[in-house]
Every structure is written in structure tokens, then in C-alpha cells.
**Q** 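Just passing along the structure, written as C-alpha cells.
What you see is a predicted model; the values in this text were computed from it and never measured.
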Amino acid sequence: MSQPTDTDHQQAPWTSWDAWLGSPPGKYVLKWEQTQFDHIVSDIFGYHALQIGLPQLPALTENRMPLQMILRAPHDKPNDESGGQWHTIEGIPEELPFASQSLDLVVLPHVLEFATDPHAVLREVERVLMPEGRVVISGFNPASLWGLRQYCSHLVGQPYLPREGQFLALLRLKDWLKLLNFSVDRGRFGCYRLPLRSESGMQKMAFLEKAGDRWWPVLGSVFMVSAIKRVSTLTLVGRIEKGVAANQAQLNPVTQLNTSSQKNQLKDQA
């Protein structure tokens, strides 16, 4: 019997999130998301902006806030200096090292998919955001051709996307945001090319971008959603008088009224 060779145990071309980002489909996704982030964050104003994870994608490049920071996620490549100059913050997404209501913008590029507790990450984002602060989230769409291929890889074949990712449906994400008093103000799907591995194959599918954006937009392989933190407040209108309330007319009990009427009837009979 022949001995197994190295090719018998050959792994997927990319076995981690960082390796996938360097692949042709990874570069394709990064390019699309860079364009979308630049468009969304350009008109968001404030003082403090935070990006969590994915230093390969400088999502705050077009934002004008004076203080921009990045918190590296546990699945990020360590000591990666790509993505421009950052104020790097140490911590984990589930326990953000910021005071409550201290940030104006938080960007989550593919953070929830690799988080141990994605709902806890959203709760922390809600805590640190100022009222009317903004959160921008990107992720892979399970209801797409890429998501279908990833699901089939659990049965046969190799995964197309990093297997450690737990991809969230957009409807589920919207429900979580609604529970945390976020209001979704905009969103977009993209990346309609077929799940191919080679760069030449991805380029040949470029015509699907316009067709998918027009005919089947909800089947895009990547989605991006922006939401605003809403805080309900009660405002008293007008002046409240602190003086003593005016004397009201004395009301007699019903029993006394009945007794008086009976006495009058007895006098009339006498």
C-alpha cells in the first residue's frame, strides 16, 4: 500500500482570515468596501471615531473627525502596519476600553462574524456611542452565491470563505440593532461576481456588477449597513406654576345630600 503524500492532505489555498484577504476574492471585497466606507463616513461629523479590526482596510480615510482610532480584533494579523497611521487601542470588542457615550462613530468591518459573542459587541458599541452616534457594519451575506458555496463546503469540498467565520443574516442583524434602539438609515449590497478563486476568473465576471445591482441586489455577497443610536427624551414645555392651587368648591357627600332632602320633605308634610 502506498504511503499518503503531502498532496493528499493539501489544505485550501487560504486557511485563515488574513490569508483570504490577500487572495483575489479578498482583494475584490476590500476594494468594494473601501469605496462604500469612503462614501458613508465622509458626511458623518463629530470628534471621536473608532474602527474595530481589519487594519488592511482604512475605513476612516474620508472622515474628518480629529481623533481616529483603531482597536485590533483578536483575529487580525498581529503587528500589521497596513491601513495608514492609527491611534492603536488595546482591548477586545466585547469590552471596549471607552467611557459611556464618548464616541461619535464606530466602524465594524467583518467584526461580528468572527466575534465570540456578536450581540455583546453591539451592546458595547451602543454603550460607548453618543446619542445620535453612528455605527457602520459590513459582513458577508449568507443568502448569496458565496454563502451557498460556503454552506455546501460543510458537506463536500473546501470552504470558499474562512471557515471560522459565523456569517449573520442581515434581517437578524437589523433585529439586534432595533432591540438596542438603533435606527437603520442606509444600507447596500455588493460583490455579485461568482465565487471563483483565480484573479482572471474574477475579472471575467466584472459584467455581473451592474446586472446584479439592478436585477438581484439582495443577493450580493457582501452587505453594508449604517445605523443611528436613538435616545428618547421627555421635554417639558411651558412654565410650571409652583404656587398654591386655588381653592375648589366644597363638594358634599351623597349621603349628606340625601339627608337634607329628606328633612325638607318632612317639613313640607308637617
Side-chain angles (χ1 to χ4, degrees), residues 14-44 46 48-65 67-93 96 103-115 118 121-122 124-125 129 134-141 144 146-147 150 160-162 164-168 170 173 186-193 195 199 202 206 209 220-227:
W14 40 81
T15 57
S16 66
W17 173 234
D18 181 72
W20 188 88
L21 291 173
S23 66
K27 295 177 181 178
Y28 162 58
V29 170
L30 288 177
K31 181 179 179 181
W32 182 85
E33 291 193 10
Q34 184 70 66
T35 302
Q36 303 307 315
F37 275 117
D38 290 346
H39 175 70
I40 292 178
V41 305
S42 62
D43 59 351
I44 302 177
H48 306 100
L50 172 68
Q51 174 177 333
I52 301 179
L54 201 60
Q56 295 91 333
L57 192 156
L60 301 175
T61 301
E62 296 298 321
N63 187 259
R64 300 181 179 89
M65 295 189 189
L67 180 58
Q68 299 180 357
M69 302 166 287
I70 182 171
L71 186 145
R72 296 184 180 275
H75 59 274
D76 288 330
K77 182 179 179 181
N79 301 324
D80 185 7
E81 298 301 332
S82 60
Q85 299 297 325
W86 300 96
H87 294 282
T88 304
I89 306 298
E90 299 294 335
I92 58 176
L96 296 177
L103 302 180
D104 300 285
L105 170 64
V106 177
V107 176
L108 303 175
H110 297 279
V111 174
L112 302 180
E113 299 162 332
F114 297 93
V121 176
L122 285 179
E124 277 293 278
V125 171
L129 273 179
R134 189 82 66 94
V135 58
V136 185
I137 304 170
S138 67
F140 290 107
N141 181 19
S144 63
W146 289 24
Q150 184 73 2
Y160 184 71
L161 301 171
E164 62 267 22
Q166 302 295 326
F167 307 123
L168 302 174
L170 181 58
L173 177 59
R186 69 180 78 175
R188 183 175 176 81
F189 289 93
C191 298
Y192 299 96
R193 302 184 191 185
E199 185 174 358
M202 298 293 293
E209 292 296 331
S221 301
V222 181
F223 68 83
M224 188 168 295
V225 62
S226 170

**Q** Does His110 reach the side chain of Val29, with side-chain heavy atoms less than 4.5 Å apart?
**A**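 They are in side-chain contact.
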**Q** Would a distance-only check, ignoring hydrogens and angles, find a side-chain to backbone donor-acceptor pair under 3.5 Å from Glu124 to Leu96?
**A**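 Between the backbone of Leu96 and the side chain of Glu124 there is a qualifying donor-acceptor contact (under 3.5 Å).
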**Q** Answer with yes or no whether the side chains of Thr88 and Arg72 bring together a donor and an acceptor at under 3.5 Å.
**A**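 Note: Arg72 and Thr88 side chains miss the donor-acceptor criterion.
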**Q** Treating Gln150 as the side-chain partner and Phe167 as the backbone partner, does any N or O pair qualify as donor plus acceptor under 3.5 Å?
**A**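 Between the backbone of Phe167 and the side chain of Gln150 there is no qualifying donor-acceptor contact (under 3.5 Å).
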**Q** Between Ser221 and Cys191 (side chain of the first, backbone of the second, donor and acceptor by atom type, cut-off under 3.5 Å), is there such a pair?
**A**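 Side chain of Ser221 to backbone of Cys191: a pair is present.
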**Q** Of all the heavy-atom pairs spanning Arg186 and Ile40, show the shortest one and how long it is.
**A**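 Result for this residue pair: NH1-CA, 3.9 Å.
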**Q** Quick one, Ser138 and Phe37 - any side-chain contact, counting heavy atoms below 4.5 Å?
**A**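 Yes - at least one pair of side-chain heavy atoms lies under 4.5 Å apart.
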**Q** Take Val125 and Leu50 through the test side-chain contact (heavy atoms from CB on, under 4.5 Å) and record every step on the way to the result.
**A** CA-CA 10 Å; Val125 171; Leu50 172 68; over 6 Å; no
**Q** What closest approach, in Å, do Pro118 and Leu168 show between heavy atoms, and which atom pair accounts for it?
**A**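 Closest approach of Pro118 to Leu168: CB-CD1, 4.2 Å.
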**Q** Of the non-hydrogen atoms in Pro109 and Gly53, which two are nearest, and what is the gap between them?
**A**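 For Pro109 versus Gly53, the nearest heavy atoms are CG-O, 3.9 Å.
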**Q** Can you find a heavy atom in the side chain of Val107 that is under 4.5 Å from one in the side chain of Leu54?
**A**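 No, every pair of side-chain atoms sits at 4.5 Å or beyond.
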**Q** Between Glu113 (side chain) and Phe140 (backbone), is there a donor-acceptor pair under 3.5 Å?
**A**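 Side chain of Glu113 to backbone of Phe140, a donor-acceptor pair under 3.5 Å: yes, one is there.
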**Q** Kindly say whether Pro58 contributes a backbone atom to a donor-acceptor pair with the side chain of Gln34 at under 3.5 angstrom?
**A**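 Side chain of Gln34 to backbone of Pro58, a donor-acceptor pair under 3.5 Å: yes, one is there.
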**Q** Between atom CZ of Phe189 and atom CG of Leu170, what is the distance when rounded to the nearest 0.5 Å?
**A**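 Phe189 CZ to Leu170 CG: 4.5 Å, rounded to 0.5 Å.
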**Q** Does any N or O in the side chain of Asn63 come within less than 3.5 Å of the main-chain N or O of Ile44, such that one atom is a donor and the other an acceptor?
**A**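 Such a contact is found between Asn63 side chain and Ile44 backbone.
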**Q** If we only count heavy atoms from C-beta on, is the Gln36 to Val136 side-chain gap below 4.5 Å?
**A**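 They are not in side-chain contact.
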**Q** Anything under 30° is parallel, anything over 60° is perpendicular, the rest tilted; go ahead and classify Phe114 against Trp17.
**A**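 Rings of Phe114 and Trp17: tilted, 30 to 60°.
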**Q** Any side-chain heavy-atom pair from Asp38 and Thr61 closer than 4.5 angstrom?
**A**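 Touching, per the 4.5 Å side-chain cut-off.
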**Q** Say whether, by atom type as modelled, one donor and one acceptor occur between the side chain of Gln51 and the main chain of Leu57 under 3.5 angstrom.
**A**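 Yes; judged by distance alone, with no hydrogens or angles, the pair exists.
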**Q** Identify the heavy atoms of Ser42 and Arg64 that sit nearest to each other, and give their distance.
**A**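 Minimum heavy-atom contact is O-NH1, 2.7 Å.
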**Q** Closest approach of Pro25 and Tyr160, non-hydrogen atoms and distance?
**A**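 Scanning both residues completely, I find the closest heavy atoms to be CB-OH, 3.2 Å.
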**Q** Do the side chains of Lys27 and Met202 get nearer than 4.5 Å, heavy atoms only?
**A**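 Counting from C-beta outward, Met202 and Lys27 never come under 4.5 Å.
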**Q** Distance check, rounded to the nearest 0.5 Å: Asp43 atom CG versus Arg134 atom CZ?
**A**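 Asp43 atom CG to Arg134 atom CZ measures 6.5 Å (nearest 0.5 Å).
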**Q** Do the non-hydrogen side-chain atoms of Met69 and Leu103 ever get within less than 4.5 Å of each other?
**A**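 Met69 vs Leu103: side chains touch.
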**Q** Taking Asp104 for the side chain and Ala49 for the main chain, is one N or O donor matched with an acceptor at less than 3.5 Å?
**A**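 Here the side-chain-to-backbone pair does not exist.
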**Q** Looking only at heavy atoms, what is the nearest atom pair of Ser144 and Gly220, with distance?
**A**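 Nearest pair, atom of Ser144 first, then Gly220: CB-O, 3.6 Å.
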**Q** Strictly distance-based, threshold 3.5 Å: is any side-chain N or O of Trp146 a donor or acceptor partner for the main-chain N or O of Arg193?
**A**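 Pair found, side chain donor or acceptor close to backbone of Arg193.
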**Q** Any side-chain to backbone donor/acceptor pair from Gln68 onto Leu60? Under 3.5 Å, distance only.
**A**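 At least one qualifying donor-acceptor pair exists.
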**Q** Would you give the length of the straight line joining atom CD1 of Ile70 to atom NE2 of His87, rounded to the nearest 0.5 angstrom?
**A**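 Those atoms lie 12.0 Å apart.
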**Q** Just how far is it from atom CD1 of Ile89 to atom CD1 of Ile52, taken to the nearest 0.5 Å?
**A**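 Atom-to-atom, Ile89:CD1 and Ile52:CD1 are 11.0 Å apart.
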